[in-house]
Amino acid sequence: MIDAFAKDDLHKRLRRDREALLWKLDGLSEYDARRPLTATGTNLLGLVKHVATVEAWYFGAVFDRPSPEPLGRWQDSDGSDLWAAEGETRDQVVAFYRRTWEHSDATINELALDAPGHVPWWPEPRPNTNLFAVMVHVLVESVRHAGHADILRESLDGRTGVRAENEKQIDVEARAAHRARIEQAARSAQRSTGL
């Protein structure tokens, strides 16, 4: 009973965060969806491509259910999953992510939480694992990158949140006043500590 509940709850949360990550691309130009927004090149479309690749590996090869998508060998990972090349369209990356969902969901639906898996890129003694551990790992990875995407999107146009239906109109003046209060508190703390 608890296994079914846990599996269903983790799966619902994963589906929710997949949609949140894709929502961060809504309404953006090709440039804004792709452009590097940090010193390390992190970008919104690259986050989607990366999370899709992560899911494809974890819910595919780890359970001897290779992804139908061409992924290359994990040993040869070169960071190209963190950005979209000039010839890759946003539609292609999003479609890859959605097809990955289908494959991942089939793995999740068909296997028990204690189904054995093997993650060759995890160090000893952890490479032998199970579906529960992989679901938690992929959910954490998805949440982490959805959070990155939220901050990146906020830096582009101020939009924040998990779902479009919860988004509120941006009150620029209230936001500026709130930020100013936080800035003042930070400066005051620095003066009082001297650090």
Side-chain angles (χ1 to χ4, degrees), residues 1-26 42-84 91-153 160-167:
M1 172 99 165
I2 190 70
D3 282 0
F5 172 79
K7 184 177 174 182
D8 185 54
D9 192 53
L10 290 171
H11 201 179
K12 276 189 221 174
R13 290 170 187 273
L14 179 60
R15 288 190 297 261
R16 175 199 65 197
D17 292 320
R18 289 168 174 165
E19 293 291 346
L21 183 56
L22 279 187
W23 177 57
K24 296 304 169 183
L25 297 174
D26 282 1
T42 305
N43 63 90
L44 288 164
L45 191 57
L47 287 173
V48 171
K49 184 179 175 184
H50 173 69
V51 172
T53 303
V54 165
E55 264 204 50
W57 275 111
Y58 276 98
F59 292 118
V62 165
F63 295 100
D64 201 24
R65 298 168 54 89
S67 170
E69 301 292 327
L71 297 175
R73 295 173 350 126
W74 65 267
Q75 300 95 322
D76 300 331
S77 178
D78 61 1
S80 61
D81 67 320
L82 294 167
W83 58 284
D91 288 345
Q92 287 171 326
V93 172
V94 169
F96 164 51
Y97 193 23
R98 290 189 183 279
R99 287 189 308 273
T100 296
W101 296 358
E102 291 176 20
H103 187 259
S104 298
D105 290 348
T107 297
I108 292 166
N109 291 333
E110 291 174 25
L111 299 179
L113 278 180
D114 63 351
H118 180 77
V119 186
W121 52 91
W122 284 1
E124 289 293 339
R126 295 186 29 222
N128 294 318
T129 190
N130 60 35
L131 180 63
F132 176 77
V134 168
M135 286 183 76
V136 170
H137 180 82
V138 172
L139 178 61
V140 167
E141 182 88 0
S142 298
V143 169
R144 176 176 177 243
H145 291 311
H148 293 149
D150 197 39
I151 291 168
L152 294 178
R153 182 63 190 252
T160 62
V162 177
R163 290 187 292 282
E165 60 269 17
N166 295 341
E167 189 174 24

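Heads up: numbering here begins at 1 and tracks the sequence.
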Of all pairs that satisfy salt bridge (Lys or Arg N to Asp or Glu O under 4.0 Å), the ones with a partner from residues 51-63, not counting sequence neighbours: Arg18-Glu55

Non-neighbouring partners of His11 that pass ring-ring contact (aromatic ring centres under 6.0 Å, His included), sequence neighbours left out: none

side-chain contact (heavy atoms from CB on, under 4.5 Å) involving Leu139 - partner list, sequence neighbours excluded: Leu10, Arg13, Leu14, Asp17, Val143

Pair listing, ring pair (Phe, Tyr, Trp, His ring centres under 6.0 Å) test, anchored in residues 99-118, at least two apart: Tyr97-Trp101

Trp83, CH2: over 12 other non-hydrogen atoms inside 6.0 angstrom: no

Which residues share a side chain to side chain donor-acceptor pair (under 3.5 Å) with Arg144, sequence neighbours left out: none

Those residues that, when tested against Glu19, pass side chain to side chain donor-acceptor pair (under 3.5 Å) (two or more places apart): none

All side chain to side chain donor-acceptor pair (under 3.5 Å) counterparts of Thr100, not counting sequence neighbours: none

Qualifying residues under salt bridge (Lys or Arg N to Asp or Glu O under 4.0 Å), relative to Asp150, sequence neighbours excluded: Lys24

Criterion side-chain contact (heavy atoms from CB on, under 4.5 Å) on Val134 and Trp57, from CA distance to verdict: CA-CA 11 Å; Val134 168; Trp57 275 111; over 6 Å; no

Backbone N/O of Ala4 and side chain of Asp8: donor-acceptor pair under 3.5 Å: no

Salt bridge (Lys or Arg N to Asp or Glu O under 4.0 Å) partners of Arg16, counting only residues at least two apart: none

From NE2 (His148) to CG (Leu21), nearest 0.5 Å: 11.0 Å

Steps toward side-chain contact (heavy atoms from CB on, under 4.5 Å) verdict (Leu47, Leu152): CA-CA 10 Å; Leu47 287 173; Leu152 294 178; 3.9 Å; yes

Geometric class of the His50/His145 ring pair [parallel <30°, tilted 30-60°, perpendicular >60°]: perpendicular

Sidechain-backbone polar pair: Asn43 side chain, Leu82 backbone, donor-acceptor under 3.5 Å: yes

Residue Asp64 excluded, over 12 heavy atoms near CG under 6.0 Å: no

Atom pair CG (Asp26) and CG (Leu44), whose distance is rounded to the nearest 0.5 Å: 11.0 Å

Main-chain N/O of Asp81 paired to Lys49 side chain as donor or acceptor, under 3.5 Å: no

Set of salt bridge (Lys or Arg N to Asp or Glu O under 4.0 Å) partners for Arg15, sequence neighbours left out: none

Reported CG-to-CG distance for the pair Leu113 and Asp3, which is rounded to 0.5 angstrom: 5.0 Å

Contact check, side chains of Ile108 and Lys7, non-hydrogen atoms, under 4.5 Å: yes

Beyond-backbone contact of Leu131 with Phe59, side-chain heavy atoms, under 4.5 angstrom: yes

For Glu124 against Pro127, the heavy-atom pair lying closest together: OE2-CG, 3.6 Å

Shortest non-hydrogen separation from Phe63 to Pro116 and the atoms involved: CD2-O, 3.3 Å

Which residues share a side-chain contact (heavy atoms from CB on, under 4.5 Å) with Ala133, sequence neighbours left out: Thr129, Asn130

Qualifying residues under side chain to side chain donor-acceptor pair (under 3.5 Å), relative to Thr107, sequence neighbours excluded: Arg65

Parallel, tilted or perpendicular, as decided by the 30° and 60° cut-offs, for the rings of His137 and Tyr58: tilted

